Amino acid sequence: MGLDSLLIPAVLFFALGAFAKFINSDLKFPEGMTKGIGIYLLMAIGLKGGVALSGADFSLAISSIIWGIILGFLLPIIGYALLRFRNKINSFDAAAISAHYGSVSAATFLTAVAFLEVSGVEYESYPIIMMVIMETPAIIIGLVLAALARKKLAVKSGDEVPKTEWSPLLKEAFTNGSVVVLIGALIIGTVATPEAMAKVTPFTSEIFMGVLCLFLLDMGMEAAKKANTLKKVGGVLIAFGVMMPIIGGTIGVIVGISFLGFSVGGAFLLAILSASASYIAVPPVMRYGVPEANSSYYLTLSLGITFPFNVVIGIPLFYQMATMYSAL
Amino acid sequence: MGLDSLLIPAVLFFALGAFAKFINSDLKFPEGMTKGIGIYLLMAIGLKGGVALSGADFSLAISSIIWGIILGFLLPIIGYALLRFRNKINSFDAAAISAHYGSVSAATFLTAVAFLEVSGVEYESYPIIMMVIMETPAIIIGLVLAALARKKLAVKSGDEVPKTEWSPLLKEAFTNGSVVVLIGALIIGTVATPEAMAKVTPFTSEIFMGVLCLFLLDMGMEAAKKANTLKKVGGVLIAFGVMMPIIGGTIGVIVGISFLGFSVGGAFLLAILSASASYIAVPPVMRYGVPEANSSYYLTLSLGITFPFNVVIGIPLFYQMATMYSAL
Amino acid sequence: MGLDSLLIPAVLFFALGAFAKFINSDLKFPEGMTKGIGIYLLMAIGLKGGVALSGADFSLAISSIIWGIILGFLLPIIGYALLRFRNKINSFDAAAISAHYGSVSAATFLTAVAFLEVSGVEYESYPIIMMVIMETPAIIIGLVLAALARKKLAVKSGDEVPKTEWSPLLKEAFTNGSVVVLIGALIIGTVATPEAMAKVTPFTSEIFMGVLCLFLLDMGMEAAKKANTLKKVGGVLIAFGVMMPIIGGTIGVIVGISFLGFSVGGAFLLAILSASASYIAVPPVMRYGVPEANSSYYLTLSLGITFPFNVVIGIPLFYQMATMYSAL
Amino acid sequence: MAITMSPGKSVQIIVNATFENELIRVLDKVGVTGYTQIDARGNGYSGVQDGHSEGETNILFIVLVASELAEVLIESLIDYIKRGYPIVVYTNDVEVLTTNKYGKPTI
Amino acid sequence: MAITMSPGKSVQIIVNATFENELIRVLDKVGVTGYTQIDARGNGYSGVQDGHSEGETNILFIVLVASELAEVLIESLIDYIKRGYPIVVYTNDVEVLTTNKYGKPTI
Amino acid sequence: MAITMSPGKSVQIIVNATFENELIRVLDKVGVTGYTQIDARGNGYSGVQDGHSEGETNILFIVLVASELAEVLIESLIDYIKRGYPIVVYTNDVEVLTTNKYGKPTI
Ligand SMILES: Nc1ncnc2c1ncn2[C@@H]1O[C@H](COP(=O)(O)O)[C@@H](O)[C@H]1O
Ligand SMILES: Nc1ncnc2c1ncn2[C@@H]1O[C@H](COP(=O)(O)O)[C@@H](O)[C@H]1O
Ligand SMILES: Nc1ncnc2c1ncn2[C@@H]1O[C@H](COP(=O)(O)O)[C@@H](O)[C@H]1O
Ligand code: NA
Ligand code: NA
Ligand code: NA
């Protein structure tokens, strides 16, 4: 099974994209194409989740939401603690990076879903709500940690403590475009009648996998571009980019099976959510909210290391982990 | 039925878009995406109409075209008269605005079609030709009214009467990109063999509703942005933006049922054509052809008031109206 | 049959695009849309070819590759000889132009495939590999011919011979974006499991023809724009733009039937490959690699003359030719 | 080949995208040898132009010309401004490299 | 209508796209009457900004103002630079056409 | 932090998009610390560049440099012009804000 996961078209297209940049091909998506596809993917996954949820267990949905919030706060704090260990990474960079790891990568999640579907494994739809939920706490934690760092720095240097304007920052955490599309589509999928949804399905479900392949082709190129700047980020951060998903994924498996009672498929998806790092929604928020941090660090980490790690190693690994843990 | 229409996915995505801008979300479609989707929608509706027309009644098609021309001239003249009543709105603004109301909004039309399809109501395909036909007369009327205003102004101020260069302006009325795609696809749909069309159907029909949802998501955002500038346009124009579609829609129902003998579905679609205002094809033509007019007036009116009015209120209202009138 | 081919939707949309520009319509695709669609088409044709090849005859695949290389070298040399005949065209222009004719036009090829599918004619998948293969040799020949011309010029004018930096140029010949997507998708189509491919098919196969129509709509506009500049290129080049595809197509038919043993469908596709000239992949390479050449020559020729010639005349002509030759 | 830079004017013209073709006709008429167009967004007395639709997109034209031609060019735009087109124009002194592959004057 | 060109400053400000809205707030606050935005890519001390995502896109603002306002505007950006935002600013002298359809001063 | 503006040159270079990477190599070689790229369309002796395909797109580079470096930079482009590349270059005097978050000179 381990190797098979690498042979699903989505992963193969990711590899193709990475290879294209590796050989310095001039292949390039037109501006806006990836963003457009991204909106489509969020809309589709949201609708699908909504339909599934309309027939779901209400109390389990609530538990999932609560666990999503807990993980969204917990994971970045773990990440921050790791990064600040022995003061290797400065507080601003640590804050910005850990926000990325508390949040999630929709592309990684979708690749994992593709892996399950091709393998014929069942999964719950609750992780889709959790994906929506986990975006916001992570951003808040990142901003709070940076504000604390700012305060400490000002105190140390005797300057007056700069006042962080919270309202525009928090606004971004809650009104982020990805969150709005995802949660909106989720609600629409729940509310719309089955006959109406049937008219939308050919667009949102049938062509979905193919579109995902196109998306991952570009992601592969982006990941490879970022991997080119690995030297700049240094060994400590590279190690973090591999360790953090393993920690997150393990927590995800445990929470999924022991606390939420998910099947192997569902726990595996939660592991992927916990293991993955955002590279679409969170970077611009951190860029604006934590200008002190070095943006190339968090982009290289989440896109250049953790994303390929999850797609290539994380997916088979966490699936194995979930299978074994559930058999205990 | 009234409320149900609000629950079709297309309308829900429109609401989602409006909501996104209302909460100031940073959600944004990449440049060109809406325009690209718009070309697709015109192509798809054109092909569909063409196929339907190839089996249609020739004399009814001719009557529809003639009525399309009549409405295309009549509606902007009614609009102009209303706007100039007691001299509230200057002639240039009145000319430019009324051209928008003589023309049509493809997105409103398509939402209405979606409403019929989800509700399982039959409709004739003649309104599709009328949609194509109504674009041009409205633009011509707008330009002529502006030229008259220009003349009058020059005479009053004793200047020499500026010569309007008609040929480039009329050219735009007839060679407008939307008109070309729509009419071209209509002809292709009529001419191509059924076997050939079958190969094209998955793209033009099956995924159509889903693409329309994506389109309306963006339209919702645009409408909400324009609604932000409502204060600037003032009460008179806002009132016009609601009254004019009611007048147009009523005329559409009457013409559809009494003069063209359409079913409820067909008359309803014609009402929507008459009630809706252009916000893609006409604005640039007026911007170039009537530079004296205030462009924010006509954009706010057609996109910020009449479009949401039609989608939310007009669709159930005119459907009700057509049902009742046909039962008389 | 001859005229029927003009009635397939893809060709009709091409005509619509040309007509739109002919009447000076403001119809315009948003930036990047054509490029995006182009990537999709290459991906789709690659996957399709890959699936077909996985069940193909290995030795025939190898022969096809070898013949692809031979044609890729041979055709530009024939083109160059024709252009340099009586010294009418200078060596740089001749080198750059002939590289375009050694390479292929994916849009022409896909229109030919659409023609076969609508007509229900079977065809081999080997021409798809040949399409990939023929890109590179043509580029190399073009660059080599230009380097020779540069040398000769320097010798004649007594200057020191400029050193051509081969490595970046050859890199482009092998790592061209179109080649990478096509060959990558081909391999993915061969490697991926049938169940996985089935999930991708709705996107890559079912909506394919419709997307191709949209693509050809834009191609029609581009071709008509280039045709506007015909006067500048002069009679000799215009004649070449019609003669070269006839020569190439004839060679393609002969090689396809006599040397590769293809069916009428397969030989026809090979004729189209040989007859068609690149206008996406090769122009930028020549622009950078042969700056001495006049770029409007090769663009006008390949897009303004040869592309429409092949779509309108070449497709029925070479199909007829293949039918007759195979009956000998 | 030596570097030869000639003094000239860079004329920047900001217009609505719907006016683009007309401005090109004007440029052709006054006889400029070249121009550069850049898609832009903006804000001014005509309100926000956010680039979402053609009518709400600006185009920034950069036209390198000799000083005399700059005046002629600007003069020829006045009439359009009077007719109601929003046109923003500004100029600055530049040095233009006159060496080009065509051996023709850039300005 | 005669051509009237007034001397002024063109202030160019290059910022990351995530800072665009904030900069617009600053421009509003200091009271500029208009500005033009252009999407750009670039390279500098913050590394390559290739335009692939919003966070890696630059926006070039062109703001035509009278000389005094130019100074106020630049002054109001210093605080942001101190807080860590990458902001590149440069100015040059320009002549601005003051004739416009609104009869209001462009600078 | 006080405003410190230093005099320098803004060098604008308009090239075909297919020459973009090569120009970046040149900029790196002569040692500029940063540059900005803007997608553009245009017209000139090479004909209309309408931006439809890569080969028909222009890129406008803006490079802020000290005067001496401006000359070196332009000098290094001459060879490419001789080889047949269409390259339009113009410069103007600017004042550049030297205060930045990195404490390194912008020009
Ligand atoms: N002061 C200014 N500085 C820079 N650009 C301006 C300025 N005023 C106007 N513009 C540009 O010119 C366009 C038209 O200006 P207006 O007619 O005043 O709306 C605006 O959308 C801006 O792009
Ligand atoms: N010397 C320069 N010339 C032109 N643009 C520059 C220069 N330095 C920086 N920039 C632009 O300003 C952006 C931010 O600069 P930096 O903060 O140095 O990375 C870059 O991405 C470039 O677009
Ligand atoms: N006089 C000019 N003013 C502004 N831009 C120019 C001028 N001449 C040429 N250009 C730009 O430089 C590009 C190449 O010029 P050319 O080699 O003359 O075709 C053109 O496509 C324009 O974008
Ligand atoms: Na995570
Ligand atoms: Na109407
Ligand atoms: Na060929």
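FYI, side chains are in, hydrogens and waters are out, and symmetry mates aren't considered; it's all heavy atoms of this structure. Every value quoted in this text rests on a predicted model; they were computed, and no experiment measured them.
- Side-chain polar atoms of F/Thr18 and F/Glu20 form no donor-acceptor pair below 3.5 angstrom.
- The closest side-chain heavy-atom distance from F/Lys101 to E/Tyr85 is not below 4.5 Å.
- Within the 4.5 Å cutoff, no side-chain heavy atoms of F/Val11 are placed close to those of F/Tyr90.
- Side chain to side chain, F/Glu56 and F/Ser53 meet the donor-acceptor criterion of an N or O pair below 3.5 Å.
- For F/Asp93, the part lying under 4.5 angstrom from a heavy atom of chain E is the backbone only.
- Interface remark: F/Thr98 contributes no atoms to any contact with chain E (heavy atom separation under 4.5 Å).
- Neither the backbone nor the side chain of E/Ser10 comes within less than 4.5 Å of any heavy atom in chain F.
- At a threshold of 4.5 Å between non-hydrogen side-chain atoms, the residues F/Ile81 and F/Asp79 do not count as touching.
- Side-chain contact between E/Thr91 and F/Met5 is present, with heavy atoms from C-beta onward closer than 4.5 Å.
- At a 4.5 Å heavy-atom cutoff, F/Leu60 makes no contact with chain E through either its backbone or its side chain.
- Using a 4.5 Å heavy-atom cut-off against chain F, the contacting residues of residues 32-42 of chain E are E/Ile38, E/Asp39, E/Ala40, E/Arg41, E/Gly42.
- Using a 4.5 Å cut-off on side-chain heavy atoms (C-beta onward), F/Asn92 and F/Gln12 make contact.
- The shortest distance between side-chain heavy atoms of E/Ile14 and E/Ile59 does not fall below 4.5 Å.
- Interface remark: E/Val89 contributes backbone and side-chain atoms alike to the contact with chain F (heavy atom separation under 4.5 Å).
- No part of F/Pro7 comes within reach of chain E, as not one of its non-hydrogen atoms sits under 4.5 angstrom from that chain.
- Residues F/Gly55 and F/Gln49 come closest through the heavy atom pair O-OE1, 3.6 Å.
- Considering only heavy-atom pairs separated by less than 4.5 Å from chain F, the leading option among E/Gly84, E/Pro86, E/Gly51 is E/Gly84.
- For chain E, no part of F/Leu27 is nearby; none of its heavy atoms comes within less than 4.5 Å.
- Residues F/Leu97 and F/Thr106 fail the side-chain proximity criterion, which asks for heavy atoms closer than 4.5 Å.
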